[in-house]
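I have placed the structure first, in the form of structure tokens, so that the comments after it can refer back to it.
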Amino acid sequence: MDYPFSEIEKKWQERWAKEHAFAATNDTSKPKFYALVEFPYPSGQGLHVGHPRPYTAMDIVSRKRRMEGYNVLFPMGWDAFGLPTENYAIKNHIHPEIVTEKNVAHFKKQLQMLGFSFDWDREINTTDPAYYHWTQWIFLQLFKKGLAYKKEMSVNWCKSCKVVLANEEVVGGCCERCGGEVVRKEKSQWMLKITAYADRLIDDLSLVDYPDKVRSSQINWIGRSHGAEVDFETNVGEKLRVYTTRPDTLFGATYMVIAPEHPLVDAHKEEISNLDAVLEYRTLAGKKSDFERTELAKDKTGVKLEGVCGINPVTGKEIPIFVSDYVLMTYGTGAIMAVPAHDERDWEFAKKFDLPIIEVVKGGNVQEEAFTDCATGVMTNSGFLNDLSVEEAKKAITAWLEKENKGQAKTNFKLRDWVFSRQRYWGEPIPLVYCEKCGWVPLAEEDLPLMLPAVESYEPTDNGESPLSKLTDWVNTTCPHCGGKATRETDTMPQWAGSSWYYLRYCDPTCLNAPADSKLLDYWLPVDWYNGGMEHTTLHLLYSRFWHKFLYDLGLVSTKEPYTKRTSHGMILGEDGQKMSKSRGNVVNPDEVVANYGADTMRLFEMFIGDFEKTAPWSQSGIKGCRRFAERIWNLQEIVCDGDVRKELEVSLHKTIKKVTEDIENLKFNTAIAAMMSFLNEVTDQGSITKGELAVLMLLLNPFAPHLTEEIWERQQLADKPLYQNAWPVFDPEKCVDKTVEIVIQVCGKIKERMVIAPDAPADEVLAAAKKLPKVADAIEGKTPVKELYVPGKLVNLVVR
RNA sequence: GCGGGUAUGGCGGAAUUGGCAGACGCGCCAGACUUAGGAUCUGGUACUUCGGUGUGCAGGUUCGACCCCUGUUACCCGCACCA
């Protein structure tokens with residue numbers, strides 16, 4: 001019997017679309033479930049076999065939830081602003097809007113061919129003015145609250161993209177997107193004060209269910225540390241402030257180091273007798289890219305400031321000050337106190353420059369190596385701190401510093417503010433104008449959206465300005481505040497802007513007077529389950545949590561966190577175990593897979609391929625196995641007979657329901673499919689399947705293979721309504737227990753025999769029976785019994801000596 | 001260096017969380033049906049000198065360890081001079 005998948009899949013996809021089968025309703029009286037997958041960037045290459053993995057997984061969860069009676073929101077949209085589209089537009093002289101439209105249409109067709117139960121009525125597109133209206137609006141709120149500010153700063157500049165990158169977009173000194181060289185460049189940039197939310201971004205992780213990996217990556221990225229700021233007097237009058245996490249070691253501070261760019265150098269040029277050498281070092285350090293600085297991390301360099309020195313506030317001793325690029329201007333105060341005895345970097349530097357190393361925590365040999373692992377150590381050579389523990393000393397010295405007005409407790413973060421402007425065309429215009437009288441002025445909210453104007457050329461300019469800067473008619477405008485002459489901001493927002501709040505828009509995609517209606521936000525939020533890639537942990541996921549918290553503070557949303565539960569899928573590799581790429585020639589095209597095997601088979605294989613959370617290589621022969629499974633399911637129609645669930649299959653059927661039901665919740669799609677395969681094998685052995693059994697199997701398999709199961713459901717007339725409108729099967733725990741079980745008889749932990757018993761047989765009977773088994777009797781013959789164990793339904797272990 | 005993770009047949013991977021290692025699938029072998037098989041069906045398939053031995057390696061805890069503990073090796077991912 002032929003399995004006409006193309007025909008079936010087309011039929012049901014059309015029918016679902018016509019019936020709006022998977023549209024979420026705004027009936028707020030029903031229990032809701034909001035399932036979210038990361039919306040794709042509609043690239044010109046189209047769908048990749050990696051895309052359907054998370055989509056299928058969440059489709060399975062969504063379909064199951066609907067059958068369980070939830071009002072399910074499972075939306076899809078397009079994160080369509082971005083560089084590849086712009087680059088394509090530049091190369092082919094086509095408007096990015098047209099490129100986007102074409103790519104979206106292609107993507108949508110590909111997604112629809114896989115039968116995902118997205119609510120297409122709620123489709124959104126970040127490049128739609130009705131959408132970016134509210135991206136701009138949120139930016140204005142950030143600006144009004146002082147969380148968006150412009151700053152002249154050293155930024156990451158990708159030479160090949162001619163664009164500024166956020167710290168998160170620089171990977172190993174190279175551009176995350178194009179792999180090109182990234183250099184430092186001074187530019188005036190819009191910044192978002194994500195650092196104002198640093199504490200909450202860490203602390204509120206306790207409110208959500210994220211994988212440890214994601215949680216620890218975010219904590220590590222934000223990098224909170226507790227310590228103290230300490231003011232050191234200098235011989236030139238000015239105080240030099242340092243940050244340290246080890247104020248307890250202050251007595252051991254034998255020198256200081258400042259970053260090459262530190263203002264102390266500029267302020268005291270006169271007093272520095274070796275100024276030339278210092279400035280030369282500064283120039284050299286500035287030329288090094290971040291990458292080189294990291295590469296050379298092991299070899300410490302630096303120059304001593306001759307003529308300027310610091311004074312240790314507790315010992316009163318004069319100590320030298322060095323300039324070195326192992327101290328970063330962008331962290332802490334740009335200056336440190338160096339305690340070589342208890343810090344590896346300081347130790348290395350001190351050895352190189354022959355500086356004194358004073359032990360202040362007992363326990364190590366500080367002349368041999370830095371003793372850093374000293375949390376349990378005791379203070380020494382430290383005046384009034386002597387004999388205190390490290391923890392006590394921290395408290396005592398901090399209290400002393402505060403009393404003496406020489407410093408105070410301080411918390412620092414590695415997280416930097418978010419560089420928010422891009423010198424690009426294809427992004428959201430920043431809705432601000434610059435007026436010489438009034439400074440930066442926001443557009444009136446009723447004037448949003450600020451439409452992206454048409455330009456002749458999308459080429460970025462070499463001087464680092466956005467293509468929009470060439471549009472003088474557009475740039476020159478009037479100040480919304482004073483009516484005088486003003487110019488528009490010509491930079492646009494980064495791609496991460498639109499995706500930072502898209503999950504809100506799905507709740508109410510056509511709302512005209514707000515990002516979304518607050519009643520609907522209250523109903524749908526938070527997102528119950530959000531699946532996405534690990535690569536977004538410190539980008540999208542962190543950014544959107546930040547925006548959500550800001551909107552929470554504004555009162556727009558009523559949950560502290562946007563996503564209750566986050567899961568991550570593993571990548572699908574090429575058949576050769578390598579990342580799929582055009583250059584390796586190992587790319588699998590999903591269109592071909594669907595054409596050859598059908599969407600249901602593709603979906604099954606994407607789920608059966610391996611542990612959902614781990615990477616897995618594609619396999620041509622593996623997909624054939626799933627195709628065989630689909631065909632065998634289809635052919636069940638040849639052996640179907642009337643009747644309910646038969647007694648002899650009842651236990652396996654209920655066990656299968658239990659397994660599939662639980663496995664879906666735990667992302668164990670591979671074993672859920674394996675369980676259904678096992679049940680199919682059992683039914684095949686029986687030579688027949690009753691309609692009652694078939695109906696349950698179809699319901700269980702439906703989320704995985706929706707077209708196939710709907711068709712069988714209809715052909716076999718298993719119910720009046722189409723399958724998707726029926727309820728998820730429920731297992732009876734009592735029917736999941738076998739009538740008899742086979743247990744193992746061990747002697748001293750070695751398996752000797754097996755025995756079939758009733759699961760609730762009393763222990764003494766089982767033990768007695770076990771001892772009579774010939775091999776067991778042989779093994780214990782003549783030995784002294786030590787212990788007799790019976791684990792009900794599992795095993796007997798007889799320990800003898 | 002720091003953080004997270006992984007290691008099981010020829011391959012992808014299971015193992016109810018301390019209780020029968022290798023479910024399920026692929027591949028392979030044999031058979032059936034066939035003019036034919038890269039189709040379908042049936043059976044077999046960790047290794048073995050048939051005593052046993054086996055979850056990267058070495059120890060430990062336990063009646064019992066893929067699972068817990070200590071040490072170690074290899075690989076993957078993220079961060080990385082953050083004071």
Side-chain angles (χ1 to χ4, degrees), chain A residues 171-172 211-221 223-225 227 242-246 249 256-257 259 290 293-294 296-300 324-328 330-339 342-346 348-349 372 412-416 534-535 537-538 570-571 577 604-605 608-611 613-626 628-629 631-632 635 655 658-659 662 668 670-681 684 736 741-751 754 786-800:
Chain A
V171 177
D212 284 348
K213 211 177 177 175
V214 172
R215 189 187 303 272
S216 57
S217 287
Q218 289 206 344
I219 290 172
N220 187 30
W221 184 262
R224 178 163 60 189
S225 68
V242 304
Y243 173 71
T244 177
T245 55
R246 295 295 306 278
T249 61
M256 301 176 82
V257 186
D290 279 0
R293 252 168 107 146
T294 314
L296 300 169
K298 275 138 209 144
D299 191 22
K300 297 274 181 290
S324 172
D325 65 1
Y326 85 87
V327 172
L328 309 174
T330 45
Y331 183 77
T333 62
I336 63 160
M337 63 177 216
V339 184
H342 305 286
D343 181 280
E344 274 171 39
R345 294 153 304 179
D346 299 346
E348 213 183 301
F349 193 88
T372 55
N412 258 330
F413 299 93
K414 290 190 205 172
L415 184 71
R416 308 289 152 74
M534 277 307 296
E535 68 275 19
T537 301
T538 54
M571 227 194 317
L604 282 165
F605 183 58
F608 191 62
I609 194 165
D611 185 330
E613 298 181 273
K614 293 190 196 134
T615 54
W618 187 262
S619 154
Q620 275 312 314
S621 49
I623 195 164
K624 279 184 202 155
C626 288
R628 261 177 227 156
F629 173 61
E631 274 172 3
R632 288 179 64 204
N635 288 332
K655 276 186 174 173
K658 183 172 193 286
K659 181 83 181 144
E662 292 172 354
K668 296 182 130 191
N670 52 341
T671 51
I673 293 171
M676 291 186 279
M677 285 173 168
S678 294
F679 185 71
L680 173 65
N681 290 343
T684 310
C736 293
V741 286
E742 189 183 65
I743 63 163
V744 170
I745 317 302
Q746 299 179 333
V747 176
C748 294
K750 300 275 179 202
I751 296 161
R754 287 156 203 284
V786 177
K787 207 167 187 177
E788 292 177 351
L789 286 123
Y790 172 54
V791 183
K794 297 258 159 69
L795 56 69
V796 166
N797 190 8
L798 304 170
V799 186
V800 295

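Just so we're on the same page: letters track the sequence lines, and every chain starts at 1. Here the structure is a predicted model, which means the values were calculated and not measured.
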Side-chain contact check for A:Asp212: nearest option of B:rG25, B:rG5, B:rG3 is B:rG5

Do any side-chain nitrogens or oxygens of A:Arg632 fall under 4.0 Å of OP1 or OP2 in B:rU40?
no

C1'-based separation of B:rA83 from B:rA14 [nearest Å]:
48 Å

Give one of base, sugar-phosphate or nothing for A:Lys414, where a contact means two heavy atoms less than 4.0 Å apart.
base

Starting at atom CD of A:Glu535, determine the distance to atom P of B:rC77, rounded to an integer number of angstrom.
13 Å

Any-strand Watson-Crick or G-U partner of B:rC68, both distances under 3.5 Å
B:rG60

Considering every strand and a 4.0 Å limit on heavy-atom distances, what is the contact class for A:Lys668: base, sugar-phosphate, or nothing?
sugar-phosphate

I'd like to know if A:Lys213 reaches the base of B:rC77 with its side chain, counting only an N/O donor and acceptor under 3.5 Å.
no

P-based separation of B:rG25 from B:rU45 [nearest Å]
14 Å

Should A:Tyr326 be listed as having a side-chain N or O under 4.0 Å from OP1 or OP2 of B:rA83?
no

Please measure how far the P atom in B:rC2 lies from the corresponding atom in B:rG52, and state the result in whole Å.
47 Å

Syn or anti for B:rU17, given that syn means the glycosidic angle lies within 90° of 0?
syn

Should we count CD of A:Glu742 as having more than 12 external heavy atoms under 6.0 Å?
yes

Looking only at the side chain of A:Asn797 (C-beta and beyond, no hydrogens), which of the listed nucleotides B:rC26, B:rG78, B:rC63 gets closest?
B:rC63

According to the interplanar angle, ranging from 0 to 90°, do the rings of A:Tyr326 and A:Phe349 count as parallel (below 30°), tilted (30 to 60°) or perpendicular (above 60°)?
tilted

If you check every side-chain atom of A:Asp343, which of B:rC63, B:rG78, B:rA83 has the closest atom?
B:rA83

Base, sugar-phosphate or nothing for A:Thr330? Non-hydrogen atoms, less than 4.0 Å.
nothing

What's the shortest heavy-atom distance between A:Cys736 and A:Lys655, and which atoms?
O-CE, 3.4 Å

What's A:Ser619 touching, base or sugar-phosphate or nothing? Going by heavy atoms closer than 4.0 Å.
nothing

B:rC28 pairs with, by Watson-Crick or G-U criteria that keep both distances under 3.5 Å:
B:rG44

Looking only at heavy atoms, what is the nearest atom pair of A:Val257 and A:Ser324, with distance?
CG1-CB, 3.6 Å

Roughly how many Å apart are B:rA39 and B:rU49, using the P atom of each and rounding to a whole number?
33 Å

In whole Å, what separates the P atom of B:rG10 from that of B:rC57?
14 Å

Among B:rG25, B:rG27, B:rC79, the one nearest A:Ser621 by side-chain distance:
B:rG27

Provide, to the nearest angstrom, the distance between the NZ atom belonging to A:Lys750 and the P atom belonging to B:rC63.
16 Å

Using atom CG of A:Asp325 as one end and atom P of B:rC81 as the other, report the distance to the nearest whole Å.
11 Å

Torsion-based syn/anti label for B:rG31, 90° from 0 as limit
anti

Partner of B:rU17 under the Watson-Crick or G-U wobble criteria, both distances under 3.5 Å, comes out as none

Contacts of A:Lys794 and A:Phe413 projected onto RNA chain B by closest heavy atom; the upstream (5') one is A:Lys794

Opposite nucleotide pairing with B:rG51, Watson-Crick or G-U, both atom distances under 3.5 Å:
none

Among the nucleotides B:rA23, B:rG25, B:rA80, which one has an atom lying closest to any side-chain atom of A:Thr671?
B:rA23

Where the chi angle of B:rG37 falls, syn if within 90° of 0 and anti if not:
anti

Atom NZ of A:Lys614 to atom P of B:rU8: distance rounded to whole Å?
10 Å

Using the C1' atom in both, what is the distance from B:rC50 to B:rG5, to the nearest Å?
40 Å

Give the rounded distance in Å between these two atoms: CD1 of A:Ile609 and P of B:rG12.
12 Å

A:Ile743, A:Leu795, A:Asn797 screened by side chain to side chain contact (heavy atoms under 4.5 Å, CB included) with A:Tyr790, the one that passes
A:Ile743

Length of the line joining A:Leu680:CG and B:rA23:C1', which is rounded to integer Å:
15 Å

Tell me whether A:Asp346 contacts the main-chain N or O of A:Val339 through its side chain, where contact means a donor paired with an acceptor under 3.5 Å.
yes

To the side chain of A:Phe608, which of B:rG13, B:rG3, B:rC24 is closest?
B:rC24

Quick one: label A:Ile751 by what it contacts on the DNA or RNA (base, sugar-phosphate, nothing), any heavy atom closer than 4.0 Å.
sugar-phosphate

Quick note, A:Asn670 side chain, CB onward, closest among B:rC41, B:rA14, B:rG3 is B:rA14

With sugar-phosphate meaning primed atoms plus P, OP1 and OP2, does A:Arg628 contact a base, only sugar-phosphate, or nothing at under 4.0 Å between heavy atoms?
sugar-phosphate

What nucleic acid atoms does A:Glu788 come within less than 4.0 Å of, heavy atoms only: base, sugar-phosphate, or nothing?
nothing

A:Leu795 atom CG is separated from B:rG18 atom P, nearest whole Å, by 15 Å

Taking C-beta and beyond as the side chain, do A:Thr537 and A:Lys213 meet within less than 4.5 Å on heavy atoms?
no

Kindly point out which of B:rG78, B:rA83, B:rG19 is positioned nearest to the side chain of A:Val791?
B:rG19

First of A:Asn681 and A:Lys787 reached from the 5' end of RNA chain B, by closest nucleotide:
A:Asn681

Could you tell me if the side chain of A:Val796 sits less than 4.5 Å from the side chain of A:Glu788, heavy atoms only?
no

Side chain of A:Val744 only, heavy atoms from C-beta on: which candidate in B:rC20, B:rC81, B:rC63 is closest?
B:rC20

If B:rC79 has a Watson-Crick or G-U wobble mate with both distances under 3.5 Å, name it; if not, just say none.
B:rG1

Rounding to the closest angstrom, what is the interatomic distance between B:rC11 and B:rG78 at atom P?
26 Å

Rounding to an integer number of Å, can you tell me how far A:Ile745 CD1 sits from B:rG64 P?
18 Å

For the P atoms, the ones on B:rA80 and on B:rG71, what distance do you get once it is rounded to whole angstrom?
28 Å

Shortest side-chain distance from A:Asp611, nucleotide among B:rC26, B:rC24, B:rG13
B:rG13

For A:Thr537, report the nucleic acid contact type (base, sugar-phosphate, nothing); a contact means any heavy atom under 4.0 Å.
nothing

Applying the Watson-Crick and G-U wobble criteria at under 3.5 Å, what pairs with B:rU6? Answer none if nothing qualifies.
B:rA74

Are any non-hydrogen side-chain atoms of A:Thr330 and A:Arg416 less than 4.5 angstrom apart?
yes

A:Glu662 near the nucleic acid: base, sugar-phosphate alone, or nothing, with a heavy-atom cut-off under 4.0 Å?
nothing

Answer yes or no: is there a side-chain heavy-atom contact under 4.5 Å between A:Val744 and A:Lys794?
no

